[in-house]
Amino acid sequence: MDELLRLLATGEADTTPALAARLHCTPEALAGRLLALAAEGYRPQPDAAGRLSLRPAADSLLPGDILAGLRTRTLGRGEILYATEMDSTNTQLKRAAAERNLPAGSLAVCDRQTAGRGRLQRAWETPEPGTALPCSVLLAPDLPPGQAHLVTLAVAVAAAAAIAETGLSPGIKWPNDVVVGGKKCVGILCEAVATEKGPLIVAGAGFNVRQRTFPETIRHRATSLWLMGAHGADRRALLCAYLSQLERAMAALEAEGLSGILAEYTARSVTLGRRVEVIGATETFLGTAEAIDDTGALWVLDDQNRRRQVWSGDVSVRGVMGYV
Ligand code: ATP
């Protein structure tokens, strides 16, 4: 990120003369650079003492405005890839991480995806620009071998906790769909990427924020924060809250394994105790969801009274009475 923009975003900028001196440029050249930032949509403004900083516009996803709102130590503090339109934030971040030495904590975010992806080759729809928050974070989790799949549960916990900050009461449909009022509000897709630093994880989360309607095909199971009543939800504030929550959930997962987040996950679960339909590649069965174990698997008591361990990889779990 441009050094001027970084200083303005992090509150390290000073008065115009002091800032020009720090950046080794004339006040006139600095004025030109500030105008260029304004043309990109930034709003650098002086406080009473003349110190400049950014005053982000409502809902702005510009990288400097995101940086200005961060309360994290690392997440969001690598590179921030932003474009109004991307095919998919996961695809862009994976490509950048594989090609360049991106630091962990790097972020990809956009206003609209043209080829958003879900699990099992499914599509994730973000048709209207500016209403959704598709974002992906590059993570280097410090986890024992074989535990990387648990990251997706930490992402669900973090996304739900960030939504709870808007005043809504989100639930988690096992393994990683965040629902509000029985409909899906966040879809999550975590993917591994091979980099110079070894395998990293791209954690993608698509938040439905201000959609007023959804395509016919998903209307019965999709909702947005706006539709659920959080009319003031701001995508930048939501993103910054989510990154803080993700940093917290990942730290707990790294320190204690799944037990570090399981109580919170379970408290938000809308799957446990419910009648569910488990839809696998070769078999579908009905039962009651009983527990989530410390490997992240769901235990279901099927209708033949057999306890069955269900892995998230290749199944969908649906409520018998509806989506949840
Ligand atoms: P499910 O149990 O809902 O099938 P999943 O984890 O298998 O969950 P995902 O990969 O999270 O599914 O998401 C893809 C599915 O979500 C699509 O098949 C579609 O039904 C639905 N979907 C697509 N776009 C959206 C959206 N913006 N909001 C809510 N649901 C969506």
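Quick note: numbers below take in every heavy atom, side chains included, and nothing from hydrogens, waters or symmetry partners. One-based numbering, in listed order, for ligands and for the atoms of each. Note that the numbering runs from 1 along the sequence shown for the chain.
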Pairwise distance OG1(T288) to CG(D303) - rounded to 0.5 angstrom: 6.5 Å
Short N-O contact, E264 and R248, less than 4.0 angstrom: yes
Nearest atoms (heavy-atom pairs only) where G296 meets L153: CA-CD1, 3.9 Å
Ligand-residue contact atoms, ligand 1 with S316, heavy atoms, under 4.0 Å: 4 (O), 7 (O)
Ligand 1 versus D177: contacting region, heavy-atom distance under 4.0 Å: side chain
Flag for T91-R117: side-chain donor and acceptor within less than 3.5 Å: yes
Residue selection (non-hydrogen contact nearest atom 23 (C) of ligand 1) among P134, A123, A205, G206: A123
Options R219, R122, K173, Q113, ranked by nearest heavy atom to atom 2 (O) of ligand 1, top entry: K173
Polar contact flag for Q211 and ligand 1 (N/O pairs, less than 3.5 Å): no
Atoms of ligand 1 close to A222 [distance to a heavy atom under 4.0 angstrom, numbered from 1]: 28 (N), 29 (C), 30 (N)
N208: numbered ligand 1 atoms lying under 4.0 Å from its heavy atoms: 26 (C), 27 (N), 28 (N), 29 (C)
Within 6.0 angstrom of R55 CZ, more than 12 heavy atoms from elsewhere: yes
ring-ring contact (aromatic ring centres under 6.0 Å, His included): pairs with one or both residues in residues 191-212, sequence neighbours excluded: F207-Y242
K183 contact mode with ligand 1 (heavy-atom cut-off under 4.0 Å): neither
Per-atom contacts of ligand 1 with G118, taking only distances under 4.0 Å to non-hydrogen atoms: 10 (O)
Proximity of T217 to ligand 1 by residue part, where a heavy atom lies under 4.0 Å: neither
Polar contact flag, side-chain donor to acceptor under 3.5 angstrom, S60-D65: yes
